[in-house]
> 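One structure is given below, represented as structure tokens, and several questions about it will come after.
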Amino acid sequence: MAQDQGRPSAGGRHRRLYRAAWRPQTLRRADRGRLRGRQIRLRRARRRRVRRAEPGVPSQTHEAAYRQDVTVQRRATAWQRETHLGSAPTGRGKRQQVARKTSTRVARSRVSAPSEATATDIPDTSLSKAAAQVAKKLRTDIRGATASELDALDAIKTEGNWEVGGRIVHLTNLHKLLFPEDRYSKRDLIRYYVQVAPVMIPYYKDRPLSMNPHPDGIHGKSYWVKDKPDYAPEWIPTFRYQDQKGLKDWILIEEVATLAWLANHAVIDMHPWYSRVDKPEYPDWSVVDLDPAEGATFKDVIAVAKVVKSALDHLKLKALLKTTGQSGLHVYIPVERRYTLEESRGFVATLAHMIAELMPDKVTEVWEVKRRTGKIRIDYTQNVINKTLAGPYSVRPALRAPVSTPIAWRELDDSRLRPDKWTIKTLGDRLLEVGDLFHDALTLHQRLPAL
DNA sequence: GGGGTCT
DNA sequence: AGACCCCAACGCTTC
DNA sequence: GAAGCG
Ligand SMILES: [Mn+2]
Ligand SMILES: [Mn+2]
């Protein structure tokens, strides 16, 4: 809700690194004229490359390093060259490391081996049972909280150490109502995440996480965190990456205990990157973010989503659909990791533009929120490094504690569909009914056709 | 959640 | 000791 | 360069 953005930023340091322009090449002449007018111009950025510390060996910290992208013709200013070499503009110690510093491996100790999730360990809730079913079908060994662990969670008064998945997580303020109208506490949020973990984690594994804590609940101020805080447990693995400001260690969700720590930290929604740590500039998801403006109805969103679907059908692209828990819908196109984020964004931009021309009464390409009234924006600008959407099975900071829930395309015809149809209370039954409808997001590797 | 400062 | 304040992002788009 | 946006 209220976001702590708009903080004064350090003046001239944010100058563009971007020069070379990319344009869709095969547009009709009329479209080209319009595109010029709309300034849909996509820039090829200078990119930072990353390598794993030791290929094939899971490491605590992955190392990102700048590398000159010699394929891009550009004139660099002195300032840009300086920035490229990583002169860190900030004062904190970690930020001053040179980008090419070698990575460190930290032993990840467990207090005990996580127990095998045997049938008797699985809590007798629809969510835990459904998650276990799905995980079994997927043959993943990611497990959720056991029955005894959930009992122990309920036994903690308001603060205490909780052993889950072989880790100790210090939980605090468990009674704090993050969703006051629904009377859902932080304990309820934790209980959801540690149960859905086996279904959810495959979509977050190896994807750097942006966090948006809501310490005062859904009506309070939230703030963004990308760098793993110093007070976070050492056993939470991270991915080290250099952005324009400096080196940061992004949290990676690999196990149930990390979800417990995040939820305790009032991180309500989880925002994973569209790319994975071993190839961070090459996303495996292109996302189409349908954002209704004030005055647009969910029916309108559905109508636009159907057109997106038929466009993708014509292009022979399979895509996955999910509710956002707020008012729009998210479409994920699983792609082969051969396109840069610029190319991914360019594809979605062109798609958005074509659909906007097809249904100008429903779709707007306007940037300013105030001028979008009554229409849907197909937000292609999401396809950027470091920019994220709430991922599948993420809770959203809204009334009822809605969950971003995968749905089948044909469910768009169900008049009972609502953007907040599934919540932390009902997702278990939903999963028991339909299973995990987002599977293909991890297994398909499609090529994007030229538009 | 943590650090600093003021009362 | 407690009250209070501040901080914890970033990259593209548009004017 | 600065404000808008997510
Ligand atoms: Mn959206
Ligand atoms: Mn959006």
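Worth knowing before you read on, the calculation uses all heavy atoms, side chains too, and leaves out hydrogens, waters and symmetry mates. In the text below, chain A, chain B and the rest are named by the order of the sequence lines, each starting its count at 1.
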> What is the distance from NZ of K226(A) to P of dA9(C), rounded to the nearest Å?
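After rounding, the reported distance stands at 8 Å.
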
> Assess, by modelled atom type and distance only, whether the side chains of T324(A) and Q326(A) contain a donor and an acceptor separated by less than 3.5 Å.
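No - no donor-acceptor pair under 3.5 Å links their side chains.
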
> Using atom C1' in both nucleotides, what's the gap between dA9(C) and dG4(D) to the nearest angstrom?
16 Å

> Tell me which pairs pass salt bridge (charged side-chain N to carboxylate O under 4.0 Å, His left out) where either residue lies in residues 260-276 of chain A, with sequence neighbours left out.
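The answer is D269(A)-R396(A), R276(A)-D284(A).
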
> From the set dT13(C), dG1(B), dA9(C), return the single nucleotide nearest to any side-chain atom of D227(A).
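My answer, after comparing the listed nucleotides, is dA9(C).
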
> Which is more 5' along DNA chain C, the nucleotide nearest R371(A) or the one nearest Y231(A)? Just name the residue.
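First, find each residue's nearest nucleotide; the 5'-ward one identifies Y231(A).
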
> Whole-Å distance between dC5(C) P and Y223(A) OH?
17 Å

> Which residues pass the salt bridge (charged side-chain N to carboxylate O under 4.0 Å, His left out) test with K387(A), not counting sequence neighbours?
none

> Expressed as a whole number of angstroms, how long is the span from D379(A):CG to dG4(D):P?
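Between P of dG4(D) and CG of D379(A): 17 Å.
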
> Is the phosphate of dT13(C) approached by R345(A) (side-chain N or O, under 4.0 Å from OP1 or OP2)?
yes

> Please determine which of V196(A), V403(A), D182(A) meets the side-chain contact (heavy atoms from CB on, under 4.5 Å) test together with I424(A).
V403(A)

> Out of dG11(C), dC5(D), dG1(B), which nucleotide sits closest to the side chain of E368(A)?
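When the side chain of E368(A) is considered, dC5(D) is the closest of dG11(C), dC5(D), dG1(B).
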
> Take atom CD1 of I251(A) and atom P of dA8(C), then tell me their distance rounded to the nearest Å.
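Computing the I251(A):CD1 to dA8(C):P distance gives 16 Å.
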
> Can you check the K370(A) NZ to dT14(C) P distance for me, whole Å?
18 Å

> Expressed as a whole number of angstroms, how long is the span from E365(A):CD to dT13(C):C1'?
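Distance, rounded to whole Å: 13 Å.
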
> Using atom P in both nucleotides, what's the gap between dG11(C) and dG1(B) to the nearest angstrom?
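My reading of the P atoms in dG11(C) and dG1(B) gives 28 Å.
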
> Does dG11(C) have OP1 or OP2 sitting under 4.0 Å from an N or O in the side chain of Q244(A)?
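It does, given that an N or O in the side chain of Q244(A) lies less than 4.0 Å from OP1 or OP2 of dG11(C).
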
> For N386(A) and for P215(A), locate the closest nucleotide of DNA chain C by heavy-atom distance; then report the residue assigned to the nucleotide nearer the 5' terminus.
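Between the two, 5'-proximity favours P215(A).
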
> How far apart are the C-alpha atoms of F438(A) and Y332(A), what are their side-chain angles, what is the distance that settles it, and do they pass the ring pair (Phe, Tyr, Trp, His ring centres under 6.0 Å) test?
CA-CA 9 Å; F438(A) 232 56; Y332(A) 281 45; 5.1 Å; yes

> Is the shortest side-chain N/O distance from S210(A) to OP1 or OP2 of dA9(C) below 4.0 Å?
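For S210(A), the contact criterion (side-chain N or O under 4.0 Å from OP1 or OP2 of dA9(C)) is not met.
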
> W367(A) side chain: which of dC15(C), dT13(C), dA8(C) is closest?
dT13(C)

> As a test of reading the structure: which of dG6(D), dG1(B), dC5(D) is closest to the side chain of Q382(A), going by heavy atoms?
dG6(D)

> Take atom CZ of R396(A) and atom P of dG6(D), then tell me their distance rounded to the nearest Å.
13 Å

> Contact class for T172(A) vs. all strands (heavy atom < 4.0 Å): base, sugar-phosphate, or nothing?
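Sugar-phosphate, backbone atoms only, no base.
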
> Going by the angle between their ring planes, with limits at 30° and 60°, are Y231(A) and H265(A) parallel, tilted or perpendicular?
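Correct class here is tilted.
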
> Rounded to whole angstroms, how far apart are CG on L209(A) and P on dA9(C)?
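Going from CG in L209(A) over to P in dA9(C) covers 13 Å.
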
> Does dG4(D) have OP1 or OP2 under 4.0 Å away from a side-chain N or O of R372(A)?
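No, R372(A) has no side-chain N/O under 4.0 Å of OP1/OP2 on dG4(D).
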
